[in-house]
Structures are given as C-alpha cells and as structure tokens.
Protein chains: 2
Amino acid sequence: MNRTADQDIGEAVDDAVLRRFLGHHLRRASNFVQSDLARSLKDVDLRMITMSVLTVIVEHRGLRQSQLADALQIERPNLVSILDELEDRKLVERTRVPTDRRAYALTPTAAGEALAAKASQAVRAHEDRVFARLSASERSSLQDLLMKVYPGAEG
Amino acid sequence: MNRTADQDIGEAVDDAVLRRFLGHHLRRASNFVQSDLARSLKDVDLRMITMSVLTVIVEHRGLRQSQLADALQIERPNLVSILDELEDRKLVERTRVPTDRRAYALTPTAAGEALAAKASQAVRAHEDRVFARLSASERSSLQDLLMKVYPGAEG
DNA sequence: TATTGTTATACTCTATAACTATA
DNA sequence: TATAGTTATAGAGTATAACAATA
C-alpha cells in the first residue's frame, strides 16, 4: 500500500549496511559500467565477450584459439561457441595452420574489421557517457588507483 | 613447445587491446576484489549473497522478504532458496506477520548474529588485505571517484 | 484487483573431464 | 606423452511467468 515508504526502506537498508565497504562501491560502479557497455554493444549486435574476441583477432591476425583464450582469460571450451557464432556471421575465419595441423589461425573478414571499428566507436562513446561526471584528471587518477588494486597491472 | 613465448603473447594481447579502456581496469579490479571476498567468506561458510542477506537481516530485524529483495536488488524468487538455506542452518527465522498474513518477518537467531559478526570481521580483514597498496587517503579518493561513476550514490 | 511468497523454468556465464587428431 | 580444439555437462547467477493465499 505505502509503496514510497517501502522503497525508502530498501534504499536505507542498502546504505546503512554496505556503503562503508570500498568493495561495495567498486562492485556497484563496475556493474553500472558493464551494464551500460552491454547495452551499447547491442546496437552493433555484439556481446561483451564477442566484442573482445573480435577486437583481439582484428588487432592480432593469425592468432590461435589457445592464445586467444589465454589473452582473454577464458576457458578453451567456452571459446568454441563464441568463434562458431563469429564464423557463422562471416566476421572471422578459422584456417588450418600448415606447420601445426592441430591449430587454427584466426583472421577477421572485411566485415569483421568493419564491425570491430563500429564496436570500438561504440565503446568510446559509452566510456565518454558513463564517465562523464569525471574530469580527464579524475579519470586518470581513477585508472591509477584501480591499477594499484589488482595484481599484474604494473603500477 | 615454446610455452614462455605463448604466455608472453597472451599478456601482450591483453595489454595492447584493452588497457586503454577505463572500464576494463574497473572490471579487473572489481573481479579481483570480489574473488578475494568470496574466498574470505568461505572461511565462515557463506557466499557473498548469503552474507549480504544475513547481514541485512541482523541490522534490520523484522524486515520482510520483499523489502530485502528491494534492498539488495535481487528478484523475489531468487531470495527463496537463499532464505531456505539460512533457515535450514538455523541462522534466520521466518515468522508470520500478524497484521499481514501474506508476509514473513525475518529475524536472525543468536547463531545468525554471531556468524554475521564473524563475517563482518572477515570482510574487514579482506578489505585491509585487498586494498593494502592504497593509503587511507587513496582509498578515500577511490571511493569518491567510484561514487561519481554510478548513479544513486549521491556525491 | 493487487501483493507476498513460492514454484517452475530458462538463459547466460563459467568450469571441468574426456574425446579426436595431431605433435 | 603432450597439446589444440572440441563435446558434453554441470554449477552458479539471474530473470520471468504463473500460482495460492491474503489484502
């Protein structure tokens, strides 16, 4: 009945319990940005993972699946259906490597390169939109701080 | 055969393609922190979602399921099995609300309160560990910047 | 009619074991 | 023996429709 009151309780609860944790804000910000990115990529009919895969293939022609899996930190089995989709859509091609007939070299088609360019533009527009409230120096600070948090991002 | 070279390619790929996006660093840092948190909570036999639910119930005794779902932004159906688990473990109790017999009031047991306290301690230890490379003022800056990114975090 | 909690279900993402063909 | 790609599968996490009881 009193919907407004219920909603207020919800927000108050969230605030009171979780806002003291830095990890909470990190997760909320990340989720917000990722959601917006996913929405942006729908315009070019790509998911986040298919965009990453396509982009890496475009910038590293001839890459093999295992290298791609390593680079994007995804399991080899999970890469298969992603590449099947991109191949079905004529965006990338799997071609046998003559010197190692177990492996496939991954190359983008012209359409794949064109779509990757469109996707890249969409991602840049998304970043500008989603970080609009941060100045250039604030974005730089945020990146520095984030790179101090996770290992492997030599800061 | 040349494993080292392959691994280097993987890292080089990741760097070259993605490190220019702030969203990438945000996601990586968030994933790293969430993974460590999940690991920390295993010590108290809680998942992230069960910890959040238990903590909210402890700090808001008598809360109803729909309010809890609103507060934690999870769907009502997905809350059911979580509460089943917490109830089976004698950590929380569902009791009928006399004034609205459709609803349940959620209250923690003594064991639930004790475990929430342990969990809270584990989370604090986790935060100290995972943000160790950041000074107090850097943590504060990071929080301010993150709160500027997502909406609803009035900053 | 609308809401609370529930059931059933489905879809995505992720992770592992085991297979094939090659090396 | 080990590796590249594949298949099958299983587990989380998340989302929606529809139901019974109650308002």
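When rounded to the nearest whole Å, the span between CD1 of B:Ile74 and P of C:dG5 equals 12 Å. Rounded to whole Å, the distance from CD on B:Gln65 to P on C:dT7 is 11 Å. For A:Arg27 and D:dT14, the CZ to C1' distance is 14 Å, given to the nearest whole Å. Rounded to a whole Å, the CZ atom of B:Arg76 is 17 Å from the P atom of D:dA18.
Every side chain to side chain donor-acceptor pair (under 3.5 Å) that A:Arg124 has, sequence neighbours left out, goes to A:Ser120. Judged as a side-chain contact (heavy atoms from CB on, under 4.5 Å), and not counting sequence neighbours, the contacts of B:Ala116 are B:Leu54, B:Val58. Among residues two or more places apart in sequence or in another chain, the side-chain contact (heavy atoms from CB on, under 4.5 Å) test is passed with B:Ser81 by none.
For the segment residues 77-92 of chain A, residues with any heavy atom less than 4.0 angstrom from an atom of DNA chain C are, sorted by number, A:Pro77, A:Asn78.
Judged by distance alone, the side chain of B:Gln67 and the main-chain N or O of B:Arg64 form a donor-acceptor pair under 3.5 Å. Using modelled atom types, no side-chain atom of B:Gln143 and backbone atom of A:His25 make a donor-acceptor pair closer than 3.5 Å. Panel note: side chain B:Ser30, backbone A:Ser30; no donor-acceptor pair is recorded below 3.5 Å. A donor-acceptor pair under 3.5 Å is formed between the side chain of A:Ser40 and the backbone N or O of A:Asp36.
Hydrophobic clustering of Ile, Leu, Val, Met, Phe, Trp and Tyr side chains at less than 4.5 Å, counting indirect connections, keeps B:Val56 apart from B:Val80.
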Taking only N/O atoms, report every protein-nucleotides 10-13 of chain D pair under 3.5 Å with atom names and distance.
unit_1 : atom_1 : unit_2  : atom_2 : d
D:dG13 : OP2    : B:Arg47 : NH1    : 2.7

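Applying the 4.0 Å criterion to OP1 and OP2 of D:dG5, one finds that A:Ser66 has a side-chain N or O inside that range. The side chain of B:Arg94 places no N or O atom within less than 4.0 Å of a non-bridging phosphate oxygen (OP1 or OP2) of C:dT4. For B:Arg102, no side-chain nitrogen or oxygen approaches OP1 or OP2 of D:dC19 to under 4.0 Å.
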Just distance, no hydrogens or angles: give the donor-acceptor pairs under 3.5 Å from side chains in residues 91-98 of chain B, sequence neighbours left out.
unit_1  : atom_1 : unit_2   : atom_2 : d
B:Arg94 : NE     : B:Glu87  : OE1    : 3.2
B:Arg94 : NH1    : B:Gln65  : OE1    : 3.3
B:Arg94 : NH2    : B:Asp84  : OD1    : 2.2
B:Arg94 : NH2    : B:Glu87  : OE1    : 3.3
B:Thr95 : OG1    : B:Ala105 : O      : 3.4
B:Arg96 : NH1    : B:Arg101 : O      : 2.6
B:Arg96 : NH2    : B:Tyr104 : OH     : 3.2

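As judged by a 4.0 angstrom heavy-atom cut-off over every strand, B:Glu75 is placed among the base-contacting residues.
Both A:Val97 and B:Ala105 lie near DNA chain C, and the one whose nearest nucleotide falls closer to the 5' end is B:Ala105.
Taking 3.5 Å as the limit, the base of D:dT22 and the side chain of B:Arg101 contain no donor-acceptor pair of atoms between them.
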